[in-house]
Protein chains: 2
Amino acid sequence: MTTLHIVDDDEAIRDALGWLFQSRNVPVIGWESAQAFLDAWTPETTGCLLLDIRMDGMSGLELFDRLLAQGSRMPVIFLTGHGDVPIAVGALKKGARDFVEKPFNDNELVDRVIGALAFDHDQRVREAGQAGLAARIASLTQRERQVMELVVAGRLNKVIAEELGISMRTVEVHRSHVFEKMRVKTAVELTRLLTGAG
Amino acid sequence: MTTLHIVDDDEAIRDALGWLFQSRNVPVIGWESAQAFLDAWTPETTGCLLLDIRMDGMSGLELFDRLLAQGSRMPVIFLTGHGDVPIAVGALKKGARDFVEKPFNDNELVDRVIGALAFDHDQRVREAGQAGLAARIASLTQRERQVMELVVAGRLNKVIAEELGISMRTVEVHRSHVFEKMRVKTAVELTRLLTGAG
DNA sequence: GAGGCTATTGTGGAAATCCGCAGAACCTGC
DNA sequence: GCAGGTTCTGCGGATTTCCACAATAGCCTC
């Protein structure tokens, strides 16, 4: 199960939210500052983020920006006491998942968090597949990659041989190595794999 | 050039926005009510929508909902005088492109509208391609569609013949008809076409 | 220098695809 | 009824792909 990270400099709020979510069987970690979370964050950190906008030191928005800059795609739900439409709009357009004003409805917030956690999980499953794919592509040699691109572009071996200025036989060898390393049996399967089709 | 549709029941605002956009060479049509726009709307209506939230009769949000229900994907920018975060968040999560509070910065609004118009145009170009594709698929016979699906799934003719309980030769005939009607030469090209790859 | 990886090419055969020619059964519309 | 579209099949040959066996050569590492 993935974890909800609550970042709020108000200990009372962290505790209250902690109780709320633990009572719903959602694992929670509280962070007393944006910097504390950012220091602990790694690309492997999973779950979702419940983030107060106004905090001493680094604001929630700034933390969001820094996470994005570091390539994070963890879903972020902002929590704010004083509604400000331009801030909300800006945050959502940057990719925040939600923006909730206090006081909030407990059940609604829990639902949104659970939705965000599920999204993060699905996203990670997808990315794991992509990572496996990337590893397989990385195991190809230069020449094999060239041949693969042309195969996936729909070229016949004969044409590929001409374009690369090598013999058809060599293309065949590379092609079969590509199929083997990419673990597919046909050019169509390879195409589906690389274009991310179902 | 596509058109900006301004829906606002305040004639003074329609006029002011009309002047603003016409001075920047953005074609504008003003609508005095949500209902008036909705009555005139067809799936072929192009451009983007600048939509006041609070209006007599149908509200901007309700118009947005109705357009979505009718399959519109025209970009919508909401304009509102009295900021309300939950409304803004809800609109953006439903797919609104932007949510701007009055008073707004003229240049910024113009930029956002131009961006929305460009987006609509690109979207329509993509959809036009998809429509041509749909027409080609529609010209296939039942059997040809079945064979096509299996070809794109990476099956060999031999396997397809078994699965459909027909001879390999028949599969070959259907397959070549599919290639002809879909205007491709190889199974890989067909796969790319159907999976929407570059 | 031996061993491994990469890239290259050839021979030859099995399997699969591509394609024209020919024919038949079924159904629909004029 | 006949023309036309759809579905089905076979034969034979050209083209392409797949694959095992075999070999040469450059580069890098131990």
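Below, read A as the first sequence line, B as the second, and so on, with proteins coming before strands; counting in each chain starts at 1.
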Nearest heavy-atom neighbours spanning A/Ala116 and A/Pro75: O-CG, 3.3 Å
Value in whole Å for how far the C1' atom of C/dA7 lies from NE2 of A/His177: 10 Å
Pairing of A/Arg126 and A/Asp122 as salt bridge, 4.0 angstrom limit: no
First of B/Ser139 and B/Val173 reached from the 5' end of DNA chain D, by closest nucleotide: B/Ser139
Nearest-angstrom distance from the residue atom NZ of A/Lys158 to P of C/dC18: 14 Å
Least distance between heavy atoms, B/Ser33 atom then B/Ala36 atom: OG-N, 3.0 Å
Whole angstrom value for the distance that separates P of D/dG5 from CD of B/Gln142: 18 Å
Pairing of A/Asp65 and A/Lys94 as salt bridge, 4.0 angstrom limit: yes
Atom-to-atom span, CD of B/Glu189 to P of C/dC18 - whole angstrom: 12 Å
Taking only distance into account, with no hydrogens and no angle test, what donor-acceptor pairs under 3.5 Å do side-chain atoms of residues 129-140 of chain A form with protein atoms, sequence neighbours excluded?
{"from": "A/Arg136", "atom 1": "NH1", "to": "A/Met182", "atom 2": "O", "distance (Å)": "3.1"}
{"from": "A/Ser139", "atom 1": "OG", "to": "A/Arg136", "atom 2": "O", "distance (Å)": "2.7"}

Residue B/Thr170, side-chain atoms from C-beta onward, closest of D/dC18, D/dC8, C/dT9: D/dC8
Test side-chain contact (heavy atoms from CB on, under 4.5 Å) applied to A/Val171 and A/Leu150, step by step: CA-CA 10 Å; A/Val171 174; A/Leu150 293 170; over 6 Å; no
Between P of C/dT9 and CG of A/Asn157, the distance in whole Å: 13 Å
Non-hydrogen atoms of B/Val151 and B/Leu190 that approach each other most closely: CG1-CD2, 4.4 Å
Separation of C/dA16 C1' from B/Phe179 CZ (nearest whole Å): 13 Å
Sugar-phosphate, base or nothing in reach of A/Glu172, heavy atoms under 4.0 Å: base
A/Arg24 versus A/Asn107, side-chain donor and acceptor atoms under 3.5 Å: yes
B/Glu149 bridged to B/Arg145 by N-O distance under 4.0 Å: no
Nucleotide nearest B/Arg143 when distance is taken to its side chain, options C/dA16, D/dC8, C/dT17: D/dC8
Any B/Thr141 side-chain N or O less than 4.0 Å from OP1/OP2 of D/dT7: yes
DNA chain D contacts among residues 161-169 of chain B, heavy-atom distance under 4.0 Å: B/Ile166, B/Ser167, B/Arg169
Strand DNA chain C as a dot-bracket string - pairs counted if Watson-Crick or G-U with both distances under 3.5 Å, | where the partner lies in another strand: ||||||||||||||||||||||||||||||
For atom CD1 of A/Ile160 and atom P of D/dT17, their distance in whole Å: 8 Å
Separation of atom CD in B/Glu144 from atom C1' in D/dT7, rounded to whole Å: 10 Å
